[in-house]
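For reference, the structure is listed below as structure tokens.
Fair warning: this is a prediction, and the values are worked out from it, not measured in the lab. Values below: every heavy atom of this structure, side chains too, minus hydrogens, waters and symmetry copies. Note on naming: letters A, B, ... go to the chains in the order of the sequence lines (proteins, then strands), and numbering restarts at 1 for each one.
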Protein chains: 2
Amino acid sequence: MAKIKRLALLLVRLTAFAATLSATIVMATSHEKASFFAVSFEAKYSQTPAFKYFMIANAIVSVYGFLVLFLPSESSLWRLVITLDLVFTMLLGSSISAALAIGYVGKKGNTYAGWLPICGQVPNYCDHVKGAMVAGFIGVIIYMGLLLHAMHTVLDPLLLKKP
Amino acid sequence: MAKIKRLALLLVRLTAFAATLSATIVMATSHEKASFFAVSFEAKYSQTPAFKYFMIANAIVSVYGFLVLFLPSESSLWRLVITLDLVFTMLLGSSISAALAIGYVGKKGNTYAGWLPICGQVPNYCDHVKGAMVAGFIGVIIYMGLLLHAMHTVLDPLLLKKP
């Protein structure tokens with residue numbers, strides 16, 4: 001039973017690693033050349049600080065997620081891992097929120113500020129960024145679940161186990 | 001000693017409550033009328049979804065922070081509070097990141113997307129929003145500290161106490 005649970009947790013962490021890695025790669029490869037009245041320009045993730053932050057945060061969490069996969073299950077470092085999970089989940093959540101906020105302006109624009117949507121000009125770029133965000137979102141949801149599971153195991157916050 | 005520690009934690013939570021409440025109020029009252037070539041317009045937080053999200057998140061966390069202040073220190077609900085702290089810290093961090101990302105575009109613009117900075121036209125509005133973000137940032141840092149402190153107490157992740 002404990003072995004199955006350990007294997008399940010490993011699979012969940014593997015999925016989280018895959019999600020953050022895909023988010024990194026998809027965001028890093030998002031670019032599109034477009035021309036608009038003979039003016040040609042290129043849209044790239046590195047032109048937007050929020051997308052750069054998203055890419056870097058996902059890359060960092062991918063490296064962390066990869067390393068954790070190799071931690072032996074008896075290691076006493078698992079207690080540190082829960083704390084690191086917390087820090088990296090915050091980082092991921094913050095980067096996705098920033099990217100989503102900018103992506104929303106890119107999609108819908110903001111008429112009050114006079115910011116026009118750009119997705120009409122560079123639809124492929126927009127789809128690419130959207131894909132990266134979906135992957136990042138899956139990653140943060142999984143890490144959030146892992147954290148809540150750890151909390152549940154350690155703290156029993158809902159007091160389900162009667163003493 | 002335990003009493004002093006409890007008092008210190010209460011003071012920290014009071015500060016966090018004050019910070020999120022100020023962030024809510026300062027953001028909610030941020031607006032400025034400006035005219036630009038005979039066209040007059042008003043800048044308000046509610047025109048930007050990210051700022052609305054920031055305001056709502058801070059309001060929710062303020063209510064939560066206020067309620068927790070009255071929880072008796074012997075209550076077994078404190079274990080639930082740690083988990084709720086986690087959820088609300090994620091919410092705060094996410095809302096601040098979104099607001100910061102938009103605020104950055106408002107301040108610096110984004111030449112690639114053709115989004116012009118607007119702080120030159122509505123400087124008071126910008127200062128207001130900046131103030132709200134500083135308060136929100138203080139709030140999230142304190143909640144992050146509370147969480148790490150709880151982790152440290154419960155899990156001892158750095159294995160400082162030798163068994």
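Residues of residues 129-142 of chain B that come within less than 4.5 angstrom of chain A, heavy atom to heavy atom, are Val140(B) in numerical order.
Between Tyr104(A) and Pro49(B), the shortest heavy-atom distance links the atoms CE2-CG, 3.5 Å.
No chain of hydrophobic side-chain contacts below 4.5 Å, direct or via other Ile, Leu, Val, Met, Phe, Trp or Tyr residues, connects Leu7(B) to Leu71(B). Linking ILVMFWY residues whenever their side-chain heavy atoms come closer than 4.5 Å, directly or via other members, leaves Leu92(B) and Phe17(B) in distinct clusters. Cluster membership for Leu9(B) and Val61(B), using ILVMFWY side-chain heavy atoms within less than 4.5 angstrom, is shared. Leu146(A) and Leu21(A) fall into different hydrophobic clusters, where Ile, Leu, Val, Met, Phe, Trp and Tyr side chains are chained together by heavy-atom contacts under 4.5 Å. Residues Tyr64(B) and Leu10(B) are members of separate hydrophobic clusters, defined by side-chain heavy-atom contacts under 4.5 angstrom among Ile, Leu, Val, Met, Phe, Trp and Tyr.
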Exercise for the section: Would you sort out whether Val105(A) and Ile102(B) count as a side chain to side chain contact (heavy atoms under 4.5 Å, CB included), showing the intermediate values? Expected result: CA-CA 9 Å; Val105(A) 176; Ile102(B) 296 297; 3.5 Å; yes

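Applying the salt bridge (charged side-chain N to carboxylate O under 4.0 Å, His left out) definition to pairs two or more places apart or across chains, none involves residues 52-76 of chain B.
Under a cut-off of 6.0 angstrom, the local environment of CD1 in Ile4(A) is sparse, with at most 12 non-hydrogen atoms contributed by other residues, nucleotides or ligands.
Applying the 4.5 Å side-chain rule to ILVMFWY residues, one finds Val63(A) in the same cluster as Leu67(A). Taking a 4.5 Å side-chain heavy-atom cut-off between Ile, Leu, Val, Met, Phe, Trp and Tyr, the cluster of Tyr112(A) contains only that residue.
The distance from atom NE2 of His152(B) to atom CZ of Arg79(A), rounded to the nearest 0.5 Å, is 11.5 Å. Taken to the nearest 0.5 Å, the CG atom of Leu80(B) stands 11.0 Å off from the CE atom of Met151(A). Atom OG1 of Thr89(B) is separated from atom CE of Met90(A) by 6.0 Å, given to the nearest 0.5 angstrom. Asn110(B) contributes atom CG, which lies 5.0 Å from atom OG1 of Thr48(A) (distance to the nearest 0.5 angstrom).
Put simply, of Ala50(A), Ser95(A), Ala98(A), the one with the most heavy-atom pairs under 4.5 Å next to chain B is Ala98(A).
Interface residue Ala113(A): backbone and side-chain heavy atoms are both found under 4.5 Å from chain B. Proximity to chain A is absent for every atom of Thr111(B), based on heavy atoms less than 4.5 angstrom apart. Heavy atoms of Leu116(B) lying under 4.5 Å from chain A belong exclusively to its backbone. If you measure heavy-atom distances from Val87(A) to chain B, the contacts under 4.5 Å come from both the backbone and the side chain.
Counted by atom type alone, Ser94(A) and Ser97(B) present one or more donor-acceptor pairs between their side chains at under 3.5 Å.
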